[in-house]
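Hydrogens, waters and symmetry mates are skipped; everything else that's a heavy atom, side chains included, is used.
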Amino acid sequence: MKYVLTVVAILGIALGVAGIVHGEADDSPGLQLLGVVLVLGAVAFGIRNVRGGS
């Protein structure tokens, strides 16, 4: 189960980066902000998952 959660975190990071890039191309600050929030949340989730927190 730990591997599945790690893959979900990596996909969240990839989706967030894609949102940042598309927001930059479209000049949309809201999409960029959502991308950054998604990346930060996925990184925090991934770190918590690797360290074994609940």
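A distance of 15.0 Å separates CG in L40 from CZ in F45, rounded to the nearest 0.5 Å. Note: L38 CG to L33 CG = 11.0 Å, rounded to the nearest 0.5 Å.
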Sequence neighbours left out, cut at 3.5 Å: what donor-acceptor pairs do the side chains of residues 21-30 make with other protein atoms?
residue	atom	partner	partner atom	Å
E24	OE1	Q32	NE2	3.1
S28	OG	L31	N	3.4

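For the pair A9 and A42, the tightest heavy-atom approach, listed with the atom from each and the gap, is O-CB, 3.5 Å. Closest approach of V39 and V17 over heavy atoms only: CG2-N, 3.7 Å.
Follow the hydrophobic side-chain contacts under 4.5 Å out from L5 and you never reach I10; the two are in separate clusters.
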